[in-house]
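First comes the structure, then the notes that go with it.
Residue numbering restarts at 1 for every chain, and letters A, B, ... go by the order of the sequence lines. This structure is a prediction, so every number in the text was calculated from the model and none was measured.
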Amino acid sequence: MFKRTRYCGHVSEKDLGKEVVLNGWVHRVRNHGGVIFIDLRDREGLIQCVVEEKENPRVFELADTLRSEYVVAVRGTVRRRPPGTENPKLKTGDYELVIKELSLLNTSETLPFPIEEETHLSEETKLRYRYLDLRRESMKENLLFRHKAYQTVRKVFLEHGFVEVETPFLTKSTPEGARDFLVPSRLHPGKFYALPQSPQLFKQILMVAGFDRYFQIVKCLRDEDLRADRQPEFTQVDFEMSFVDEEDVMSFSEELIATLFKELMGVELKTPFERIPYSEALERYGSDKPDRRFGLELIELTDLFKNTEFMVFRRALEIGGVIKAINFKGSDLSRKEIDELTQFVQGLGAKGLAWIKVEDGRLTSPIVKFFSEEEKKRLLELTQAQTGDVIFFSADRRDAVYRILGNLRLYIGKRYNLIDNSGFDVFWVVDFPLMEWEEEEKRFVSLHHPFTSPREEDIPLLRRAVEEGALEEKKRLVHSVRARAYDLVINGYEVGGGSIRIHKRELQELVFKLLEIPQVEAEERFGFLLNALRYGAPPHGGLAFGFDRLIAIMRGLDSIRDVIAFPKTQKGICPLTGAPDYADPKQLKDVHIKVVE
RNA sequence: GGAGCCGUAGUUCAGCCCGGUCAGAACGCCGGCCUGUCAAGCCGGAGGGCGCGGGUUCAAGUCCCGUCGGCUCCGCCA
C-alpha cells in the first residue's frame, strides 16, 4: 500500500502538477464508458479522481470494479479540471486527480443506506450502523466541531489558571437528586458504588484542599428517563473557584461562552448577558428556562376573574390557584386547530382548554356566556385582543398553570413557526428560591442542590423557619429565602447552572435540617463533606455547563444524540452494541448478585 | 407510570379515513450501453407480503384489542 501525502479535502492550487497519494473511501463512481470518475472521500473532504481507458487500461479495469465505500489508495497527478467542468459545490472542485496507480485496500458490502445528507434515517438505523452514519458530512462535522470546542474550552481555562483534575467514577450514592447508576462491589458483598451524577462534592473538596481553581470535562451519569436533550451519560464542563462571589463565576462563564461562540462560529455575543429573575421567567413564560425568541407571553387574569360565575375558574380560585392566558394574536384559528391544541394540553394533564376567539370585535366561545360585560371589557383590555386573536386560558394550581401555558406557548411557537431562528438568546436566570415545598413528599426540597448557599441577608429567615412550628408560616419564611444560584439559558435550553456553595459547616447542617435530612443520614451520606468543612474551607462557588446541549444549540440541532458519537435510544438502549444485556452467571456470582423474577 | 405520532422492498416513503388487481414509487443493488460527469444518463432485471400476536369479516397494510420497537412530550431529571 502507498501512504497518504494529502487529505482529499486538502488538495489545492499548490498541488497542481504534483504527484500526491490519497487514501480514502470511494464515495461515488461514475462510469462513462471510456472514462471513470471516482469521488474519493476522507475526513477532510472529497476530491474527484479520474482515469481514462485509453490512457491507463490496467488501472481502468480495476477502477471499473470499485463500488461505494471501497477503501483505496491512489497515486496520481493533480491537474486543473478542463474549462467548464469545474464543480463549484466542492471545495476541491477546480481540480482533479489523474490516477496513475490504484490499490484496493478493502471492499465493502452493499450499504444499508447511502452515505448522503438527503436521506433522513430512523434513529435506530442511524445508531445500529453508527460507523456509517458518522461518515455522513453533517455528523462528521458535528463531531469535529465538538472536538474544536473541547480545545477552546481547555484553552480558556488554562488562560485563567484553572487546574484540571479527574474525580472518581466509582463513588458513593448521594440522596436527593437523580437516581444513581449502581455498580456492585466484588470485594464487598452487598455493597455498591454509585456512578457520579456530577463531581459536585469532589470539586468542593478540591477547593478545601486549596486548588483554588478547578475544571474538568467529565461524564456524568443519571438513571432517569431520556429526552431529546437528556442522555443517561452526558458531558459537563465543570468548574469551581475559591474566594469568589456570583459575579466572578458569572463573568468567567460569560467569557468562556462568548469565546466559544466567537472562535467556533464567528458570533459575537453581547456581554455581560442579561439577567432575569426566576419569578419573572415563570410569570411571563411559564418556564424557568424560557424561549424568549417569540412573544405569546402569559397574561395574569386572577384578579379580573375573582368574582367569576364560571365554575372552572372559580374552582381554581377556591384551591388558591391562578388564572392566566395567552393571546395568539392574528391566528384566526379554526375549530379543528383549537381542538388540536386542546388535545395537546390534555396530554399535559389539563382537563380541557378554555378559549375565546375575537371576531368582528365580539367574543366567540362556549364559555363567554359565563362572563359579565365588565369582565369581557377588561379581558379585551388586559389581553389587548383584537379581531382574529384567539385567547387560551388556564385556571389551576399555580405550578400547573405555568406548566400548561408554558408548554402550550412552546408548542404554538414551534407549530406556527413563530420562533426567530436567526440568532442566540443568551441570558441568566437568577434569584431562585433556595427551596420549595414538595407537596408529594410533604417537605422542602432544594431547587439546585443542598450545597447551594442562601443569600447572607436571608440566613436569619432560615433560622426562624427552623424554629417555626406553623407550616404555612414556615413555608412563607422558607420560600422567601433566595439562593446564590444562577442558570444560563440559551434559546430555551438550560445549558448551565451553578451557585456559590455553603462553606460553613453550621450553615450546611441548618440546610440539611430544613430539608429534613436527618443528622445521622447526613453524616452517613456526606459526612466527608461536612468533615472537610471543619478544616478551613474557603468561600467558593462554580458552575457546570451541559456540553452536549451547548454543542447541539451551536450546531442548530434539536437532539443531543447528533453531537454524541455513540448515544442511546429513548429506552436507554445502544443499538450498536446491544447494551444493556444480561450478565454471565459467573460474572453475577463474582459480584454477589442474584437476579429474581 | 401516562399522552401523542410512527413501524409497508436494503433505505426513504405512498397506500390505511372510504376492507375486495393495494403490494406501489424513488434511491440503492445486479446486468448491458456510453470519453467529462459530479444526486451522470439510457435500456433491462431481481427484491417485500405490510413489526409481532390475537380478533372481527366471505375477505385485513387497511377495522378492533394486545404487545414490541423508534421518536416527541408530561411525570421524573437536586
Side-chain angles (χ1 to χ4, degrees), chain A residues 27-40 46-55 60 67-69 81-90 92-93 96 109-129 132 174-180 197-198 200-201 220-232 234 340 343-350 399-400 403-404 406-408 410-411 414 432 434-436 438 440 444-452 483 485 494 497 499 511 515 517 546 558-559 561 568-571 573 575:
Chain A
H27 188 66
R28 242 183 267 278
V29 186
R30 291 177 296 280
N31 186 339
H32 285 251
V35 60
I36 294 175
F37 298 102
I38 299 161
D39 289 339
L40 194 65
L46 192 128
I47 184 157
Q48 172 168 288
C49 304
V50 60
V51 58
E52 290 187 35
E53 184 167 25
K54 68 171 197 279
E55 299 290 330
F60 185 91
R67 296 292 178 268
S68 286
E69 301 305 304
R81 289 198 192 185
T85 66
E86 301 87 354
N87 183 354
K89 284 188 271 181
L90 279 181
T92 61
E96 64 187 6
E109 289 185 17
T110 300
L111 299 169
F113 54 83
I115 309 298
E116 63 180 29
E117 293 300 313
E118 290 73 25
T119 312
H120 290 283
L121 302 168
S122 75
E123 202 66 21
E124 198 185 355
T125 308
K126 276 165 73 79
L127 296 184
R128 182 184 306 282
Y129 299 100
L132 300 180
T174 52
E176 312 275 299
R179 193 175 293 113
D180 290 310
Q197 297 172 24
S198 81
Q200 182 61 36
L201 298 182
C220 300
L221 301 109
R222 298 178 186 177
D223 189 5
E224 296 292 349
D225 287 358
L226 287 77
R227 290 282 189 284
D229 63 348
R230 273 163 39 187
Q231 285 273 309
F234 62 100
E340 181 196 320
Q343 218 176 352
F344 173 76
V345 297
Q346 282 172 337
L348 299 174
D399 59 338
R403 187 165 54 80
I404 288 160
N407 279 303
L408 178 64
L410 272 181
Y411 183 82
K414 285 177 189 153
F432 289 86
L434 185 68
M435 302 174 190
E436 60 184 7
E438 176 65 55
E440 279 68 44
F444 295 101
V445 295
S446 300
L447 232 73
H448 271 76
H449 54 59
F451 318 106
T452 299
E494 183 197 324
S499 61
V511 166
L515 293 171
I517 300 173
D558 292 324
S559 168
R561 288 187 300 270
K568 293 178 177 57
T569 68
Q570 196 172 42
K571 286 236 160 62
I573 284 167

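In this structure B/rA3 sits in a base pair with B/rU72, meeting the Watson-Crick or G-U test at under 3.5 Å. Of all nucleotides present, none satisfies the Watson-Crick or G-U wobble test against B/rU37 with each distance under 3.5 Å. With a 3.5 Å ceiling on both atom-pair distances, the Watson-Crick or G-U wobble partner of B/rC42 is B/rG32. When both pairing distances are held under 3.5 Å, B/rC63 makes a Watson-Crick or G-U pair with B/rG55. Across all strands shown, the partner of B/rG24 is B/rC13, judged by Watson-Crick or G-U wobble contacts whose two distances both fall under 3.5 Å. Pairing for B/rG48 is absent, with no Watson-Crick or G-U wobble pair whose two atom distances lie under 3.5 Å.
Among residues at least two apart or in separate chains, salt bridge (charged side-chain N to carboxylate O under 4.0 Å, His left out) pairs with a member in residues 111-125 of chain A are A/Glu123-A/Arg561, A/Glu124-A/Arg128.
In terms of the ring pair (Phe, Tyr, Trp, His ring centres under 6.0 Å) criterion, A/Phe113 has no residue partners (sequence neighbours excluded). Here A/Phe344 pairs with A/Tyr411 under the ring pair (Phe, Tyr, Trp, His ring centres under 6.0 Å) rule; sequence neighbours left out. Scored by the side chain to side chain donor-acceptor pair (under 3.5 Å) test, A/Glu96 finds A/Gln48, A/Arg79 as partners (sequence neighbours excluded). Considering only residues two or more places apart in sequence or on other chains, A/Ser122 meets the side chain to side chain donor-acceptor pair (under 3.5 Å) condition with A/Thr125. The side chain to side chain donor-acceptor pair (under 3.5 Å) test applied to A/Asp223 returns no partner, not counting sequence neighbours. A search for salt bridge (Lys or Arg N to Asp or Glu O under 4.0 Å) contacts involving A/Arg179 returns A/Glu224, not counting sequence neighbours. Among residues two or more places apart in sequence or in another chain, the salt bridge (Lys or Arg N to Asp or Glu O under 4.0 Å) test is passed with A/Arg81 by none. When the ring pair (Phe, Tyr, Trp, His ring centres under 6.0 Å) test is applied to A/Phe37, the partners found at least two apart in sequence or on another chain are A/His32.
Spacing between atom CD of A/Glu224 and atom P of B/rG1 amounts to 13 Å, rounded to whole angstrom units. When rounded to the nearest whole Å, the span between CD of A/Gln231 and C1' of B/rC76 equals 16 Å. For A/Glu69 and B/rG28, the CD to C1' distance is 13 Å, given to the nearest whole Å. Rounding to whole angstrom units, OH of residue A/Tyr129 and C1' of B/rG10 are separated by 8 Å. Atom CG of A/Leu46 is separated from atom P of B/rA39 by 10 Å (rounded to the nearest Å). With rounding to whole Å, A/Gln346 atom CD is found 13 Å from B/rC5 atom P. Across the protein-nucleic acid pair, A/Glu118 atom CD and B/rC38 atom C1' stand 13 Å apart, rounded to whole Å. When the P atom of B/rG2 is taken as reference, atom CD of A/Gln343 falls 18 Å away, rounded to whole Å.
Between the side chain of A/Glu436 and the main chain of A/Leu447, no donor-acceptor pair closer than 3.5 Å is present.
When the P atom is used for both B/rU62 and B/rC52, the distance is 11 Å, rounded to whole Å. Rounded to whole Å, the C1' atom of B/rC13 lies 30 Å from the corresponding atom of B/rC74. When the C1' atom is compared between B/rA9 and B/rC22, the two are found 15 Å apart, to the nearest whole Å. Nucleotides B/rA46 and B/rA40 are separated by 23 Å at their C1' atoms, to the nearest Å. Comparing the P positions of B/rC18 and B/rG10 gives a spacing of 31 Å, expressed to the nearest Å. Taking atom P in both B/rG20 and B/rC73, the straight-line distance is 37 Å, to the nearest Å. The same atom, C1', is picked in B/rG41 and in B/rG47; the two are 24 Å apart, to the nearest Å. Rounded to whole Å, the separation between the P atoms of B/rG49 and B/rA23 comes to 15 Å.
Applying the 90° criterion around 0 to the glycosidic angle, B/rG54 comes out anti. Annotated as anti: B/rG44, whose O4'-C1'-N torsion sits more than 90° from 0.
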Can you give one letter per nucleotide of nucleotides 29-35 of chain B, going 5' to 3': B for a protein heavy atom under 4.0 Å from the base, S for sugar-phosphate only, - for none? SSS--BB
At under 4.0 Å between heavy atoms, how does the protein contact nucleotides 45-50 of chain B? Give one character per nucleotide, 5' to 3', with B, S or -. ------
Contact letters for nucleotides 68-73 of chain B, in which S counts primed atoms plus P, OP1 and OP2 and B counts the base, heavy atoms under 4.0 Å: -SSBBB
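As judged by a 4.0 angstrom heavy-atom cut-off over every strand, A/Leu121 is placed among residues touching the sugar-phosphate backbone only. At a threshold of 4.0 angstrom between heavy atoms, the contacts of A/Pro112 are confined to the sugar-phosphate backbone, with no base atom among them. Among the protein residues, A/Glu117 comes within range of no part of the nucleic acid, since none of its heavy atoms lies under 4.0 Å from any strand. Residue A/Thr452 is out of contact with every strand shown, counting any heavy-atom pair closer than 4.0 Å.
The distance from atom SG of A/Cys49 to atom NE2 of A/His27, rounded to the nearest 0.5 Å, is 13.0 Å. Atoms NE2 and CG, on A/His449 and A/Leu515 in that order, are 12.0 Å from each other to the nearest 0.5 Å. To the nearest 0.5 Å, the span separating SG on A/Cys220 from CD on A/Gln200 amounts to 10.0 Å. Within the model, atoms CZ of A/Phe444 and CD of A/Glu438 stand 11.5 Å from one another, a figure rounded to the nearest 0.5 Å.
Here A/Arg30 reaches the OP1 or OP2 of B/rA40: one of its side-chain N or O atoms lies under 4.0 Å away. Phosphate contact (OP1/OP2 of B/rA40, side-chain N/O of A/Arg28, threshold under 4.0 Å): present.
For the pair A/Phe37 and B/rU37, the ring geometry qualifies as stacking, because the centroid separation is below 5.5 Å while the planes lie within an angle under 30°.
A salt bridge links A/Asp39 to A/Arg30: one of the charged nitrogens lies within less than 4.0 Å of a carboxylate oxygen.
Checked by distance alone, A/Glu340 brings no side-chain donor or acceptor within 3.5 Å of a matching partner on the base of B/rG4.
Of the residues near RNA chain B, A/Phe451 and A/Asp39, the one whose nearest nucleotide (by heavy atom distance) lies more toward the 5' end is A/Asp39. With RNA chain B read from its 5' end, the first of the two nearest nucleotides for A/Leu111 and A/Glu116 is the one closest to A/Leu111.
Comparing B/rA39, B/rG75, B/rU37 by their closest approach to the side chain of A/Arg403 singles out B/rG75.
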